[in-house]
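Here the structure comes first, spelled out in structure tokens, and everything after it is commentary.
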Amino acid sequence: MGKKRKKLKGTVDKVIKPVVPSETEKAQISLREGDELYREIRIENVVSDEHGEKAQLKPGAEVDVIVEADSSATIKKPKP
């Protein structure tokens with residue numbers, strides 16, 4: 001089955017250090033296309049390249065956030 005996807009542009013607002021050592025560092029990302037109250041997301045601050053090498057995001061970094069779903073989980077958009 002195919003996949004449907006949407007790419008959103010965002011910016012890393014800040015990196016949040018863990019309060020408890022067992023927790024992980026988070027990156028707070030603002031999505032330009034998000035609704036005002038839901039524009040920010042927080043994710044674990046670990047990214048990797050095509051070779052599996054890990055890195056961390058820096059504040060101010062421009063990022064792409066991709067939302068992906070199986071075609072079976074989507075419906076055709078009605079015409080206006």
Side-chain angles (χ1 to χ4, degrees):
M1 252 187 220
K3 299 243 182 203
K4 306 285 187 200
R5 66 179 60 168
K6 179 173 180 89
K7 185 187 325 184
L8 304 167
K9 299 286 187 186
T11 304
V12 177
D13 286 334
K14 61 183 171 180
V15 173
I16 303 163
K17 302 289 183 194
V19 177
V20 180
S22 62
E23 293 179 355
T24 59
E25 183 176 271
K26 303 284 184 180
Q28 181 173 301
I29 300 171
S30 288
L31 301 173
R32 294 184 189 108
E33 296 178 50
D35 288 346
E36 188 173 336
L37 293 175
Y38 305 100
R39 191 167 289 155
E40 296 170 349
I41 61 171
R42 290 182 179 179
I43 62 167
E44 184 179 350
N45 192 14
V46 177
V47 293
S48 58
D49 64 14
E50 62 274 3
H51 305 292
E53 189 168 327
K54 297 193 185 299
Q56 295 179 308
L57 297 167
K58 299 189 288 186
E62 297 293 317
V63 298
D64 293 329
V65 176
I66 298 172
V67 177
E68 185 176 83
D70 286 330
S71 291
S72 64
T74 65
I75 58 173
K76 190 172 185 174
K77 184 176 178 180
K79 294 180 182 179

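Just so it is clear, the structure is predicted and the values come from calculations on it, not from any experiment. Note that these values count all heavy atoms, side chains included, but never hydrogens, waters or copies made by symmetry.
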What heavy-atom pair brings [X] and [Y] nearest, and what distance separates the two atoms?
| X | Y | answer |
| --- | --- | --- |
| Ser71 | Thr74 | O-OG1, 2.8 Å |
| Gly10 | Ile29 | CA-CG2, 4.2 Å |
| Ala69 | Ala73 | CB-CB, 4.4 Å |

Under a single-linkage definition using a 4.5 Å side-chain heavy-atom cutoff for Ile, Leu, Val, Met, Phe, Trp and Tyr, are [X] and [Y] assigned to the same hydrophobic cluster?
| X | Y | value |
| --- | --- | --- |
| Val47 | Ile16 | no |
| Val46 | Val15 | no |
| Val67 | Val12 | yes |

To the nearest 0.5 Å, what is the distance between [atom1] ([X]) and [atom2] ([Y])?
| X | Y | atom1 | atom2 | answer |
| --- | --- | --- | --- | --- |
| Asp13 | Leu57 | CG | CG | 12.0 Å |
| Asp64 | Lys7 | CG | NZ | 4.5 Å |
| Ile41 | Gln28 | CD1 | CD | 9.5 Å |

Is it the case that more than 12 heavy atoms not belonging to Glu53 sit under 6.0 Å from its CD atom? no

Tell me, which pairs form a salt bridge (charged side-chain N to carboxylate O under 4.0 Å, His left out) where one or both residues lie in residues 15-41, sequence neighbours left out? Lys6-Glu33, Lys17-Glu25, Arg32-Glu62

Okay, side chain of Asp70, backbone of Ser72: is any donor-acceptor separation there less than 3.5 Å? no

Indicate yes or no for a side-chain donor-acceptor contact from Asn45 to the backbone of Gln56 under 3.5 Å, with no hydrogens or angles considered. no

